[in-house]
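Okay, so here's the structure we're looking at.
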Amino acid sequence: MKNEEHLKKLVKRYLNNQATADELEVFVHLHKLGALDQILNECLDEQILYNEVIPKRWPLKRLIPVAATVTLLLMSTFLLYSNRNYLKDLFYPDALTIVETGSKEIKNVRLADGSIVTLNRNSAISFREEWSNTAREVSLTKGEAYFKIKKTADCQPFLVRTEHGLEINVLGTEFNVSDNNNATLVYLENGKVMLNTKNGQAMLSPGELASYNQAHNSINVQRVESDRSLAWKNNLFVFEDETLRDISLELEEYYGVKIELPIKGIDQLRFTGKVSRSNMNTVMSVIAETLNLKIKQNGQALTFYTLK
């Protein structure tokens with residue numbers, strides 16, 4: 001599985017202080033598994049024989065544990081400051097792939113079977129490059145994602161696991177999963193999915209939204225409109241009879257601005273509408289005109305105020 005020539009090259013690069021940061025991570029992992037013990041001893045013997053780097057009064061039996069201890073200390077220190085994933089190369093055929101998005105990016109991820117996962121802002125998934133023969137699995141470790149699952153010829157199941165203990169079992173379908181705090185929301189657009197918890201199951205049909213409460217280990221299923229559940233994926237804001245205060249909080253988070261509502265009662269004005277997220281000024285203008293308000297902008301701060 002692991003090519004001896006590659007392993008020997010890796011050990012020599014480490015001993016000669018030539019290893020890259022990625023190679024150091026590989027070295028640590030394999031060393032912990034004991035996969036480098038023999039090769040490390042052979043390379044140390046070569047250095048003793050040809051370079052005389054070890055004084056003769058140091059027996060080899062004493063050298064090996066010392067070298068191993070120094071190696072572990074150095075590698076442990078390195079890992080404390082390293083936040084990178086292990087290499088997905090010949091050393092790691094089963095390595096986890098982790099994909100994350102920042103506060104201002106949405107990302108499409110194509111899986112090995114052709115399925116597509118669209119990650120919302122501040123979200124993350126993890127999966128293995130090579131799945132087992134029985135199931136394909138992806139973990140939504142935080143945030144929100146839209147899954148477009150490709151059905152395989154042998155109808156191999158596809159599992160999505162959330163951080164809060166919900167398992168979603170599908171064959172070929174399109175659905176959205178939001179996993180934040182203690183609530184997990186699953187909206188099914190096409191196909192069918194089975195939701196599994198410790199105490200039971202629930203089957204979703206298209207147009208249904210399931211709300212899973214981890215604290216009570218309960219699932220509530222209701223029929224909803226797709227616009228609201230898929231607004232982020234369609235680059236839309238969808239507000240349904242929401243207060244200006246709640247709308248402002250969502251706009252502040254999305255655009256990174258400060259919205260002020262200084263007039264008494266203005267924060268309780270209600271707005272219903274659908275508007276593209278692409279242009280902040282357009283969004284603000286639509287809300288202001290609908291509610292008969294004016295906007296004043298000062299740098300990154302915007303103030304809604306009433307007409308006189």
How many angstroms lie between atom [atom1] of [X] and atom [atom2] of [Y], to the nearest 0.5 angstrom?
X	Y	atom1	atom2	answer
R228	F237	CZ	CZ	10.5 Å
E252	L302	CD	CG	9.5 Å
R110	T118	CZ	OG1	10.5 Å
T197	E167	OG1	CD	10.0 Å
R161	I125	CZ	CD1	15.0 Å
Q214	K198	CD	NZ	7.5 Å

Do [X] and [Y] land in one hydrophobic cluster if side-chain heavy atoms of ILVMFWY residues count as linked below 4.5 Å?
X	Y	result
Y146	L185	yes
L140	W232	no
V117	L230	no
L159	L204	no
V177	V221	yes

Run the salt-bridge test on K274 and E225 with the 4.0 Å N-O cut-off and return the result as yes or no.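 Salt bridge: no.
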Worksheet item: Who are the side chain to side chain contact (heavy atoms under 4.5 Å, CB included) partners of S248, not counting sequence neighbours?
Response: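 Expected list: L244, I259, L261.
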By side chain to side chain contact (heavy atoms under 4.5 Å, CB included), which residues pair with N122, not counting sequence neighbours?
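By the side chain to side chain contact (heavy atoms under 4.5 Å, CB included) rule, N122 matches S103, E253.
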Nearest heavy atoms of [X] and [Y], plus distance in Å:
X	Y	result
L111	V138	CD1-CG2, 3.8 Å
L195	A210	CD1-CB, 3.3 Å
P157	N169	CB-OD1, 4.0 Å
L209	S229	CD1-OG, 4.2 Å
N196	Q201	OD1-NE2, 2.9 Å
Q156	R136	O-NH2, 2.7 Å

Please determine, by modelled atom types, if E144 and N176 share a side-chain donor-acceptor pair under 3.5 angstrom.
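There is such a pair between these side chains.
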>> Testing the 3.5 Å rule here: is there a donor-acceptor pair between the side chains of D241 and T272?
In response: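 Not at all, the side chains of D241 and T272 share no donor-acceptor pair under 3.5 Å.
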Margin query: Counting only heavy atoms not in K150 (residues, nucleotides, ligands), do more than 12 fall under 6.0 Å from its NZ?
Written below: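 Open: at most 12 neighbouring heavy atoms sit under 6.0 Å from NZ of K150.
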Quiz item: What do you reckon, is NZ of K107 surrounded by more than 12 foreign heavy atoms closer than 6.0 Å?
Solution: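 Counting other residues, nucleotides and ligands, NZ of K107 exceeds 12 neighbours.
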Any side-chain to backbone donor/acceptor pair from [X] onto [Y]? Under 3.5 Å, distance only.
X	Y	answer
S123	R121	yes
T184	D179	no
T101	N120	yes
R223	P206	yes

Tell me, with the steps shown, if S178 and N180 meet side-chain hydrogen bond (donor to acceptor under 3.5 Å, both in side chains).
CA-CA 6 Å; S178 175; N180 294 293; 3.1 Å; yes
| Which residue pairs pass the ring pair (Phe, Tyr, Trp, His ring centres under 6.0 Å) test when at least one of the two sits in residues 166-203, sequence neighbours left out? |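 Listed once each, the pairs are F147-F175.
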Practice task
With sequence neighbours excluded, give me every ring pair (Phe, Tyr, Trp, His ring centres under 6.0 Å) pair touching residues 192-228.
Solution key: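 Pairs touching residues 192-228 that pass the test: none.
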Discussion item. Among residues at least two apart in sequence or on other chains, which ones pass side chain to side chain donor-acceptor pair (under 3.5 Å) with T243?
Written reply: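 So T243 forms a side chain to side chain donor-acceptor pair (under 3.5 Å) with D246.
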Practice task
Using side chain to side chain donor-acceptor pair (under 3.5 Å) as the criterion, list what pairs up with S278, not counting sequence neighbours.
Solution key: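 So S278 forms a side chain to side chain donor-acceptor pair (under 3.5 Å) with N235, S276.
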| said: Within the structure provided, determine whether F304 and M284 are in side-chain contact (heavy-atom separation under 4.5 Å). | reply: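 The answer is yes; the side chains approach within 4.5 Å.
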Report, one line per pair, each donor and acceptor closer than 3.5 Å where one atom sits in a side chain of residues 290-297; sequence neighbours left out.
| residue | atom | partner | partner atom | Å |
| --- | --- | --- | --- | --- |
| T290 | OG1 | V286 | O | 2.7 |
| Q297 | NE2 | G299 | O | 3.2 |

List in chain and number order the residues that pass salt bridge (Lys or Arg N to Asp or Glu O under 4.0 Å) with [X], two or more places apart in sequence or in another chain; answer none if no residue qualifies.
X	answer
E174	none
R277	none
E163	none

Review point. Which other residues end up in the same hydrophobic cluster as L236, if Ile, Leu, Val, Met, Phe, Trp and Tyr are linked when side-chain heavy atoms come under 4.5 Å apart?
Key: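 Its cluster mates, by chain and number, are V238.
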For Y305, give me all partners under ring pair (Phe, Tyr, Trp, His ring centres under 6.0 Å), at least two apart in sequence or on another chain.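 Expected list: none.
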